[in-house]
Amino acid sequence: MKIPFIPNINFPDKAKFIGKILIGLILSVLLLAPQPAFALDYSGTLNSYVSNVKVELDGVLTSIQKLPSLSYQNGKTTLAEIDNKLHKIQTDAGKNAADFQKLSNEAQQEYEKMLAKINAQQSVLNAFIGQLTPVASNQPRIQNGRGPLVTTTIQVNGMDDIVIEGGNLDKVMAKFDNDKRRISNAIALTNKISKLSENLEKRVILAKQKTGNVRDYADALESFSDPDILVEINELDKFIADLTNNLPVAS
């Protein structure tokens with residue numbers, strides 16, 4: 001990052017101290033500012049949630065596949081357990097959808113606040129530099145083999161008082177970019193978890209309706225192996241299998 005040339009200027013005696021510390025103070029404050037509250041990585045949360053849901057759905061699928069081999073009474077008990085498991089998945093998904101949508105909204109607000117602070121801080125620094133008239137700057141030099149590092153000196157009353165290194169400003173800008181990127185990722189992931197949960201909730205509601213169809217057939221036929229009820233069981237089996245397979249792959 002290239003640094004604007006900083007001139008040789010004379011400050012009044014009372015302003016000399018302020019001029020001497022201003023830029024260093026600004027850079028220090030910006031570099032040491034705390035990370036935004038939502039600078040979190042939600043990818044682990046997403047992966048964990050998807051993995052847990054798949055385990056729960058696999059359990060439901062196993063129970064469905066056992067139905068045709070069960071007696072009427074045992075089948076009714078297993079079907080009730082399937083319905084309870086689906087109800088839990090639905091309830092958790094609904095709560096997740098609401099909670100993570102709220103987090104996404106709050107992260108968006110935090111992001112906007114952070115951008116406003118960054119713009120204000122940059123304006124202060126730019127305003128100070130912009131009031132000065134460019135003259136000359138020291139030549140770039142190599143430091144630790146990591147490329148050129150521009151140093152610029154402000155002279156106050158003929159004495160070198162302030163030294164600004166380009167690397168410091170680069171660190172400030174890198175911190176800004178990193179904070180923005182991390183909050184943007186948090187917004188995207190919390191929104192993704194919310195949408196996934198909302199879609200899962202809707203699909204499980206449909207699965208529960210199909211479970212109800214199986215129950216109705218079982219009550220009428222008093223059997224879980226009758227050809228007519230096997231059609232309903234197979235349809236429920238396929239629906240749950242498709243739902244599981246359509247969940248995103250945890251990375």
Side-chain angles (χ1 to χ4, degrees), residues 1-7 9 11-12 14-49 95-135 137 140 143 146-154 156 161-199 251:
M1 180 181 181
K2 294 183 178 179
I3 310 303
F5 290 145
I6 307 295
I9 63 173
F11 290 92
K14 290 185 178 180
K16 180 177 179 181
F17 178 74
I18 297 176
K20 183 174 181 180
I21 67 169
L22 180 58
I23 293 181
L25 180 60
I26 291 173
L27 295 181
S28 297
V29 169
L30 300 188
L31 283 171
L32 296 176
Q35 284 189 346
F38 285 91
L40 301 175
D41 181 4
Y42 283 99
S43 59
T45 302
L46 175 61
N47 291 339
S48 177
Y49 178 59
K95 185 176 185 303
N96 251 13
D99 289 348
F100 280 95
Q101 186 57 55
K102 180 180 178 181
L103 278 175
S104 181
N105 294 339
E106 290 175 353
Q108 182 63 47
Q109 294 174 1
E110 184 77 8
Y111 183 74
E112 292 171 359
K113 289 179 182 178
M114 185 192 66
L115 287 183
K117 290 179 180 178
I118 289 174
N119 291 335
Q121 291 163 344
Q122 287 178 324
S123 295
V124 171
L125 186 59
N126 291 338
F128 179 78
I129 294 175
Q131 292 176 1
L132 309 177
T133 304
V135 285
S137 175
Q143 184 181 47
R146 291 180 295 181
L149 179 64
V150 178
T151 62
T152 302
T153 301
I154 297 177
V156 181
D161 289 292
I162 304 174
V163 176
I164 307 171
E165 292 188 346
N168 288 338
L169 288 179
D170 285 341
K171 290 177 182 177
V172 170
M173 298 311 300
K175 181 180 184 300
F176 287 161
D177 290 340
N178 185 59
D179 286 347
K180 288 190 290 186
R181 182 175 62 255
R182 295 184 70 184
I183 293 189
S184 294
N185 288 341
I187 293 171
L189 284 168
T190 50
N191 190 59
K192 184 175 182 179
I193 297 173
S194 177
K195 295 299 182 184
L196 170 66
S197 301
E198 182 180 5
N199 181 64
S251 58

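Values below: every heavy atom of this structure, side chains too, minus hydrogens, waters and symmetry copies.
Residue Leu46 holds its CG atom at 5.0 Å from CD1 of Ile193, rounded to the nearest 0.5 Å. For the atom pair Leu115 CG and Glu110 CD, the distance stands at 10.5 Å (nearest 0.5 Å).
No side-chain heavy atom of Asn199 sits under 4.5 Å from any side-chain heavy atom of Lys195.
Shown here for Ser194 and Ala97, the closest heavy-atom pair between the two residues is OG-O, 2.8 Å. For the pair Ile187 and Ser104, the tightest heavy-atom approach, listed with the atom from each and the gap, is O-OG, 3.6 Å. Between Tyr111 and Ser184, the shortest heavy-atom contact is CE1-OG, 3.5 Å. Contact record, Ser197 with Tyr49: OG-CE2, 3.4 Å, taken as the closest heavy-atom pair.
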(request) Determine, stepwise, if the pair Glu106 / Leu103 fulfils side chain to side chain contact (heavy atoms under 4.5 Å, CB included). (result) CA-CA 5 Å; Glu106 290 175 353; Leu103 278 175; 4.1 Å; yes
(request) Start with the C-alpha gap between Thr45 and Phe100, add the side-chain angles, then the distance that decides, and say whether side chain to side chain contact (heavy atoms under 4.5 Å, CB included) holds. (result) CA-CA 11 Å; Thr45 302; Phe100 280 95; 3.6 Å; yes
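Side-chain contact check for Arg181 and Asn178: at least one donor-acceptor pair (N or O, by modelled atom type) lies under 3.5 Å. For the residue pair Gln101 / Asn105, a side-chain donor-acceptor distance below 3.5 Å is found, with atom types taken as modelled.
With Thr190 contributing its side chain and Ala186 its backbone, the two residues share a donor-acceptor pair below 3.5 Å.
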